[in-house]
Amino acid sequence: MPRDYYEVLGLERSATLQEIKSAYRKLAVRYHPDRNPGDSAAEEKFKEAAEAYAVLSDADKRQRYDRFGHQATPTGGGFDPTIFADFSDILGDVFGFGSRAGGRRRRAGADLRYDLRISFEDAAFGVEPKLRIPRLERCDSCGGSGAAPGSGPTACRMCGGRGQVQYSQGFFSVARTCPDCRGAGSVIRDPCGDCRGEGRKERQRSIQVRVPAGVDTGSRLRLPGEGEHGRHGGPPGDLYVVIGVEPHERLSRRGADVLSSVTIGFPQAVFGCSVDVETVHGATQLEVPPATAHGSTFVLRSEGIPRLDGRGRGDHVVEVLLNVPAPRDLSESELEHVRALAELSDDGGATIREERGLFNRVKDLF
């Protein structure tokens, strides 16, 4: 499970939106990939801060997160590479994260999401499926540069390789991204024929994923480095696998607990019985005691689903339902017995106090 979002940003749970933005900006500056080239730990903290900000800066998401934790935003999709657009001008102008003169900026690849549907049983015991993921990978022909073999990017003539152009507005001089090179500082005059200057090509990649026992709908698995490759040799993003569990015909779940029901007849409810119960671990027997009421529940300890935190298994909760047949489904002899039972139970409206005597008379009827 990811760390607490408030802990990631170093904030109290009562933090204001301005405090959240301020903390997020400091972490962005500290762990930005341009300031920490090749540092995977810094890149991880950079993404972690972005994911925390994506939730806490949104009033609705933050409210759900405060009430229910990470399970409240299971489909958030993980790191959003556009999150840092809020501070792009500040990061570029003040801290120097803009395009460098004469060179093309390395950009991290986009994160990807894959929605995986698995069966109820696979969610209970785990599974290792193979996924086919379409993604952009580095072009082999140009090595990711986007230029044809034997050539390379040249400095942009419009901005002189700075990646920005200056505009005067009264007393102020305003910098804007160069429209010719789009901030790269260089352009490709002779693009690669394979990738058409993009530096990346779409390919299908086969990835085996280990889905642990105990996952549920909305659980997320993060595969570092399995996202799209970055532009101009930038590091790849991550792959987020979002789990969806198919419903079972007879079983349901509540967290790690499994729920089911069994139906018994009136005589079984009166005298007690032993019934077979289907669990995820196989069939087992449940002893139903005498005088069991409709809707009674019984717990089979540790017959549920393994907990993701490793603290054993949940329980299997069985609800006992009483089958009350319609008169048209009973024979005349059976109807006579039911009428006799009704007469035994009818004492002029008074409550029957001789419970044991009534029990014996019912037993004789059946």
Side-chain angles (χ1 to χ4, degrees), residues 1-3 40 44 47-48 51 55 64-65 68-80 109-137 202-229 236-262 276-286 299-319:
M1 292 293 291
R3 284 201 299 155
S40 59
E44 182 64 28
K47 292 184 176 184
E48 190 178 45
E51 185 171 343
V55 173
R64 294 196 300 270
Y65 176 76
F68 305 110
H70 291 286
Q71 293 300 320
T73 53
T75 57
F79 171 67
D80 180 357
D111 290 339
L112 298 178
R113 168 176 171 155
Y114 186 95
D115 292 319
L116 176 63
R117 303 288 293 181
I118 61 176
S119 69
F120 193 92
E121 290 80 4
D122 286 342
F125 299 107
V127 65
E128 296 188 12
K130 281 190 176 181
L131 313 180
R132 292 193 61 81
I133 309 295
R135 70 179 189 182
L136 291 172
E137 296 186 357
E202 184 170 320
R203 293 189 177 93
Q204 290 276 345
R205 179 171 175 80
S206 180
I207 301 173
Q208 188 160 19
V209 181
R210 190 183 74 83
V211 179
V215 296
D216 201 353
T217 294
S219 297
R220 290 185 304 167
L221 308 176
R222 175 174 171 266
L223 282 69
E226 294 294 352
E228 289 189 342
H229 288 194
D238 300 331
L239 171 65
Y240 288 86
V241 180
V242 182
I243 304 297
V245 180
E246 298 285 356
H248 194 279
E249 291 183 1
R250 296 168 297 280
L251 307 177
S252 60
R253 62 183 288 184
R254 183 178 58 211
D257 293 339
V258 177
L259 313 177
S260 69
S261 63
V262 293
D276 289 333
V277 175
E278 177 186 3
T279 75
V280 292
H281 305 285
T284 188
Q285 282 200 328
L286 171 68
V299 178
L300 302 173
R301 298 295 180 189
S302 299
E303 290 291 342
I305 293 174
R307 295 185 174 90
L308 279 173
D309 59 10
R311 294 187 299 114
R313 300 192 305 210
D315 301 325
H316 188 116
V317 182
V318 184
E319 181 182 20

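For clarity, every value in this text was computed on a predicted model and none was experimentally measured.
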Hey, are Arg222 and Glu51 close enough for a salt bridge, meaning a charged N less than 4.0 Å from a carboxylate O? no
With a 4.5 Å cut-off on side-chain heavy atoms, are Ser119 and Val127 touching? no
CD of Glu278 to CD of Glu303, rounded to nearest 0.5 Å, is 12.5 Å
For Gly304 and Arg313, the nearest pair of non-hydrogen atoms, with its separation, is O-CD, 3.9 Å
In Å and rounded to the nearest 0.5 Å, what is the CG to CZ distance from Asp122 to Arg117? 12.5 Å
Distance from Arg301 atom CZ to His316 atom NE2, nearest 0.5 Å? 13.0 Å
Would you call Asp115-Arg113 a salt bridge at under 4.0 Å N-O? yes
Given the options Val280, Asp216, Leu259, Arg253 meets side chain to side chain contact (heavy atoms under 4.5 Å, CB included) only with Asp216
Donor-acceptor pair, distance only, cut-off 3.5 Å: does the side chain of Ser260 make one with the backbone of Leu251? no
Give the C-alpha distance, both sets of side-chain angles, the deciding distance and a yes or no for side chain to side chain contact (heavy atoms under 4.5 Å, CB included) between Leu116 and Val211. CA-CA 10 Å; Leu116 176 63; Val211 179; 4.0 Å; yes
Return yes when atom CZ of Arg254 has more than 12 non-hydrogen atoms of other residues, nucleotides or ligands closer than 6.0 Å, and no otherwise. no
Minimal heavy-atom distance between Glu226 and Leu112, with the atoms involved, is O-CD1, 4.4 Å
Does this structure show an ion pair linking Arg311 with Asp309, if we count only N-O contacts that are shorter than 4.0 Å? yes
Arg132 versus Pro134, closest heavy-atom pair with distance: O-CD, 3.6 Å
OG1-CZ distance between Thr279 and Arg250, expressed to the nearest 0.5 angstrom: 12.0 Å
Going from CG on Asp257 to CG on Asp315, what distance comes out if it is rounded to the nearest 0.5 angstrom? 5.0 Å
Can you tell which of Val245, Ile243, Val242, Ile118 makes a side chain to side chain contact (heavy atoms under 4.5 Å, CB included) with Thr217? Val245
Please check if the side chain of Asp238 supplies one atom and the backbone of Gly225 the other of a donor-acceptor pair under 3.5 Å. yes
Say you draw a straight line from CD of Glu48 to CZ of Arg3; how long is it, rounded to the nearest 0.5 Å? 4.0 Å
If you take all heavy atoms of Lys130 and Ser206, which pair is closest and at what distance? CD-OG, 4.1 Å
Closest approach of Ala213 to Phe125 (non-hydrogen atoms, all atoms of both residues): CB-C, 3.5 Å
Might you point out which heavy atoms bring Gly237 and Lys47 nearest each other, and give the distance in Å? CA-NZ, 3.8 Å
